[in-house]
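Only one structure is covered here, and it is reproduced in the block below.
Starting from 1, each residue takes its place in the sequence as its number.
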Amino acid sequence: GSHVLRMSSGIQIKPKSAVQKSKTSSPLSCSPGPAMKPQPKPSDKLNPKTIDPFRAYSRPPSAFAAIYAKGGIPCRLVHGSVKHKLQWECLPETVPFDPLLVTLAEGLRETKHPYTFVSKEGFKELLMVEGASEKAIPVLPRLVPVLKAALAHSDDEVFGRGLEALVQLSAVVGSSLNDYLKHLLTNISRRLMDKKLREKITLALQKLEQYGGKVS
């Protein structure tokens, strides 16, 4: 019943235990001594693949943040010495408004850099392309609820970006936005009592009236 093998020469050889076998077969335990955590290389801090921009989030990332992280937004932030700007991977005129304009509007609710800049500037520049009106009007049913969510945000900067984007959209689509204004004005009017936002809101409402015509 002994597990010890006796050789004819009298030398005793013990078979490898289960623990010893696991050490030789497992790649995770090949180093001798206690397991040590690998030290990060200085270059890892500069490698985007090692950075998790959503680590501090207590909620799932927005559609914009998730798509941007996967390289699905065809523009990137270029840091300038005085002013930042966007660099488009292709001409904005060739980019479909559906779904990119909606995705950029999603990004208006972001509070982290570079999402805040890319979404705000990208939304603005996309609406500046030739034929923007014809491209934006069909997207309004999907775009308005996203802008409404930005206008309902508790963060003043998010609200401001949503308000600015709404005015930019109104300048492009004109009276086509009138049917949707009732869905947006409630969230805007709630912030009118805020002294920091009152002037900005008043100017925005005047522009919405100007671009929308008498019906607005």
Please check if atom [atom1] in [X] has more than 12 non-hydrogen atoms from other residues, nucleotides or ligands closer than 6.0 Å.
X    : atom1 : answer
K135 : NZ    : yes
E199 : CD    : no
E157 : CD    : no

Do [X] and [Y] share a hydrophobic cluster, counting only Ile, Leu, Val, Met, Phe, Trp and Tyr and linking them when any side-chain heavy atoms are less than 4.5 Å apart?
X    : Y    : answer
Y211 : I201 : no
L185 : V173 : yes
L208 : F123 : yes

To the nearest 0.5 Å, what is the distance between [atom1] on [X] and [atom2] on [Y]?
X    : Y    : atom1 : atom2 : answer
E164 : K207 : CD    : NZ    : 8.5 Å
L205 : S170 : CG    : OG    : 10.5 Å
K148 : H153 : NZ    : NE2   : 15.5 Å
L126 : E93  : CG    : CD    : 9.0 Å
W88  : R76  : CH2   : CZ    : 11.0 Å

Within a strict 4.5 Å, meaning less than it, do heavy atoms of the [X] and [Y] side chains meet?
X    : Y    : result
S216 : L181 : yes
V158 : L108 : no
L203 : V167 : no
H113 : L77  : yes
I188 : L166 : yes
L192 : L197 : no
I73  : I67  : yes
F97  : L104 : no

**Q.** Any donor-acceptor pair under 3.5 Å from S133 side chain to V172 backbone
**A.** yes
Q) Is there a donor-acceptor contact under 3.5 Å from the side chain of R161 to the main chain of E110? A) yes
Q: Have a look at L163 and tell me which of N187, L147, L151 forms a side-chain contact (heavy atoms from CB on, under 4.5 Å) with it.
A: L151
(Q) Using side-chain contact (heavy atoms from CB on, under 4.5 Å), reason through S175 and V215 one step at a time and then give a plain yes or no. (A) CA-CA 8 Å; S175 59; V215 176; over 6 Å; no
If every non-hydrogen atom of [X] is compared with every non-hydrogen atom of [Y], which pair is closest and at what distance?
X    : Y    : answer
S119 : G107 : OG-O, 3.0 Å
L140 : L169 : CD2-CD2, 3.7 Å
L100 : P96  : CB-O, 3.5 Å
T186 : S189 : O-OG, 2.8 Å

Q. Step by step, would you call V78 with L86 a side-chain contact (heavy atoms from CB on, under 4.5 Å)?
A. CA-CA 6 Å; V78 177; L86 285 185; over 6 Å; no
Q: May I have all residue pairs that pass salt bridge (Lys or Arg N to Asp or Glu O under 4.0 Å) and include part of residues 177-198, sequence neighbours excluded?
A: D156-R191, D156-K196
Q. Mind checking whether Y115 and Y68 have parallel, tilted or perpendicular rings, split at 30° and 60°?
A. perpendicular
Q) Can a cation-pi geometry be assigned to R109 and F159, taking NZ or CZ under 6.0 Å from the six-membered ring centre and within 45° of the ring axis? A) no
Q: Mind checking salt bridge (charged side-chain N to carboxylate O under 4.0 Å, His left out) for R142 and listing every partner two or more places apart, or none if nothing turns up?
A: D98
